[in-house]
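FYI, the numbering just counts along the sequence from 1.
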Amino acid sequence: MADHPHHHGMPKATGFHLKLKEGTQSLHDQAESGNFQVRMVSGDLARLEFGGFLGQMRHIHAVLDPALQQAASGDARVARIFDESHLRLHRIEQDLKDLDHEEVAEPFPATSSFTDYIAERLEQNPTSLIGVLYVKEGATNGNKFIAKKLRETMGLGEDKAMGYLDPHGKDQRRCWNAFKETLNELDLTDAEQEECVAVAQETFKMVMTVSQQMPEVSTA
Ligand code: HEM
């Protein structure tokens with residue numbers, strides 16, 4: 001992506017991180033060119049539509065945040081990679097307040113499938129939630145850029161409504177580099193890594209399906 005100044009001198013992806021990156025690269029390309037993502041990047045997403053999107057993310061994180069906490073409490077590898085900065089529910093709630101968008105719609109079918117999937121993974125194999133965390137954390141790289149556009153077009157204050165899209169602020173680069181390093185230090189078997197890659201792939205698809213179900217709001 002052109003607007004990205006930090007590729008120079010970045011160490012090449014290795015290990016478990018490389019598996020996740022390669023396993024989801026083509027899905028990332030699709031996600032980036034999705035209708036909703038393109039409208040977000042071009043910055044013409046209506047405030048109502050952004051609020052609607054955050055509402056769906058609220059349903060997802062109401063399940064994902066405690067699932068990650070629970071997985072971390074039972075598995076040292078999850079505990080090692082997961083930290084409080086990955087919790088998004090409280091940020092989304094503040095963002096929705098900033099937008100005066102406090103009536104959250106019911107979950108879309110795709111949103112419910114996503115939360116069902118998280119609950120099922122937590123039950124079957126909590127370690128594999130690392131795959132969901134990877135996608136959610138990786139997405140902050142692109143989301144930061146989208147946040148910059150939305151700040152401009154929605155004319156909100158610098159500190160308003162972007163807690164979900166830009167959770168790490170000026171620490172983005174440092175957090176992402178540390179996250180990747182920690183991924184590679186996790187004591188996971190090959191089979192466990194493969195399972196995380198499969199979960200990451202599934203997560204990409206579910207995020208895209210939720211975006212596809214976002215109704216377009218007319219600004220006229
Ligand atoms: C317009 C939409 C998007 C743009 C412009 C974008 C942009 C980017 C960029 C520039 C990076 C590289 C960060 C770096 O390592 O320097 C990145 C990484 C990543 N993004 Fe996106 N992204 C978009 C959408 C998404 C979506 C919808 C998801 C998933 C839900 C996602 C998940 C990820 C992941 C997991 C990574 C990490 C890849 C790795 O392991 O290196 N992105 N994105």
Side-chain angles (χ1 to χ4, degrees), residues 24 27-41 45-72 78 82 85-126 128-144 146-147 150 154 161-167 195-218:
T24 56
L27 289 162
H28 187 274
D29 294 347
Q30 288 175 43
E32 217 176 310
S33 58
N35 194 21
F36 186 75
Q37 273 69 25
V38 169
R39 269 187 294 137
M40 287 220 281
V41 182
L45 200 80
R47 183 165 161 155
L48 247 176
E49 205 174 346
F50 179 51
F53 168 75
L54 285 175
Q56 296 304 305
M57 294 303 114
R58 192 201 170 286
H59 291 303
I60 291 166
H61 282 273
V63 174
L64 180 58
D65 289 14
L68 287 168
Q69 285 173 308
Q70 200 182 318
V78 183
F82 169 78
S85 80
H86 301 140
L87 299 174
R88 299 283 140 82
L89 184 59
H90 61 295
R91 295 178 180 280
I92 294 167
E93 281 172 348
Q94 184 59 53
D95 293 348
L96 288 167
K97 274 189 197 144
D98 291 349
L99 292 169
D100 289 319
H101 191 114
E102 289 184 74
E103 268 184 46
V104 168
E106 293 294 300
F108 298 156
T111 305
S112 297
S113 308
F114 199 164
T115 53
D116 288 351
Y117 180 77
I118 293 164
E120 184 257 347
R121 286 290 84 205
L122 178 64
E123 173 123 348
Q124 299 291 316
N125 182 349
S128 71
L129 287 174
I130 290 171
V132 181
L133 182 60
Y134 162 74
V135 176
K136 279 283 168 187
E137 210 35 35
T140 61
N141 291 297
N143 286 345
K144 188 180 182 65
I146 292 166
L150 290 183
M154 298 202 305
M162 297 299 145
Y164 172 74
L165 288 179
D166 189 15
E195 185 132 19
C196 290
V197 174
V199 169
Q201 289 166 340
E202 202 52 42
T203 301
F204 258 102
K205 292 179 196 161
M206 290 186 299
V207 170
M208 281 186 264
T209 313
V210 173
S211 297
Q212 279 157 14
Q213 292 183 357
M214 288 299 309
E216 197 163 338
V217 175
S218 163

Report task. Would you indicate whether the side-chain heavy atoms of V210 and Q213 approach each other to under 4.5 Å? Result -> no

Query raised in the report: Is there side-chain contact between T24 and H28, with at least one heavy-atom pair below 4.5 Å?
Result: no

Query raised in the report: Side chains of L27 and M208: does their closest heavy-atom pair fall under 4.5 Å?
Result: yes

Query raised in the report: Can a donor-acceptor pair be found between the side chains of Q94 and D98 at a distance below 3.5 Å?
Result: yes

Report summary line: Rounded to the nearest 0.5 angstrom, the CZ-OG1 distance for F114 and T203 is 5.0 Å

Query raised in the report: How far does CZ of R58 sit from CG of L96, to the nearest 0.5 angstrom?
Result: 8.0 Å

Report task. Take the angle between the ring planes of F53 and F50 and call it parallel below 30°, perpendicular above 60°, tilted in between. Result -> parallel

Requested in this report: Measure the shortest side-chain to side-chain distance between R88 and I60 over non-hydrogen atoms and say whether it is less than 4.5 angstrom.
Outcome: no

Query raised in the report: Heavy-atom count around E102 CD within 6.0 Å, excluding the residue itself: above 12?
Result: yes

Report task. Please indicate whether E120 has more than 12 foreign heavy atoms, meaning atoms of other residues, nucleotides or ligands, lying under 6.0 Å from its CD. Result -> yes

Requested in this report: Please report the closest heavy-atom contact between V199 and S128, naming both atoms and the distance.
Outcome: CG1-O, 3.4 Å

Query raised in the report: Under 3.5 Å, side chain of D166 to main-chain N/O of A147, donor-acceptor pair present?
Result: no

Query raised in the report: Considering all heavy atoms of both residues, which atom of A161 and which atom of D95 are nearest to each other, and what is their separation?
Result: C-OD1, 3.2 Å

Query - Flag side-chain contact, heavy atom, 4.5 Å: R121 against E195 - result: yes

Query raised in the report: Any sub-3.5 Å donor-acceptor pair from T140's side-chain atoms to K136's backbone N or O?
Result: no

**Report entry** For P126 against V78, the heavy-atom pair lying closest together
**Finding:** O-CG2, 4.2 Å

Query - Which atom of G52 lies closest to which atom of H101, heavy atoms considered - result: N-CE1, 3.5 Å

**Report entry** Shortest non-hydrogen separation from A71 to L129 and the atoms involved
**Finding:** CB-CD1, 4.1 Å

Query raised in the report: Side-chain contact, heavy-atom cut-off 4.5 Å: K144 with L165?
Result: no

Report task. Any chance you could measure I146, atom CD1, to M40, atom CE, to the nearest 0.5 Å? Result -> 4.0 Å

Query - Student check: side-chain heavy atoms of M154 and M162 closer than 4.5 Å - result: yes

Query raised in the report: Roughly how far apart are L133 CG and C196 SG, rounded to 0.5 Å?
Result: 10.0 Å

Query raised in the report: When rounded to the nearest 0.5 angstrom, what is the spacing between CD in E202 and OG in S113?
Result: 10.0 Å

Requested in this report: Enter the distance from E216:CD to L45:CG here, rounded to the nearest 0.5 Å.
Outcome: 8.5 Å

Query raised in the report: Donor-acceptor pair, N35 side chain versus Q212 backbone, under 3.5 Å?
Result: no

Query raised in the report: Is it true that R39 and E49 have a side-chain N and a carboxylate O under 4.0 angstrom from each other?
Result: yes

Query - Pairing residues for T111 by the side chain to side chain donor-acceptor pair (under 3.5 Å) criterion, not counting sequence neighbours - result: Q56

Report summary line: All heavy atoms of E32 vs all of Q37, minimum pair found to be O-CB, 4.0 Å

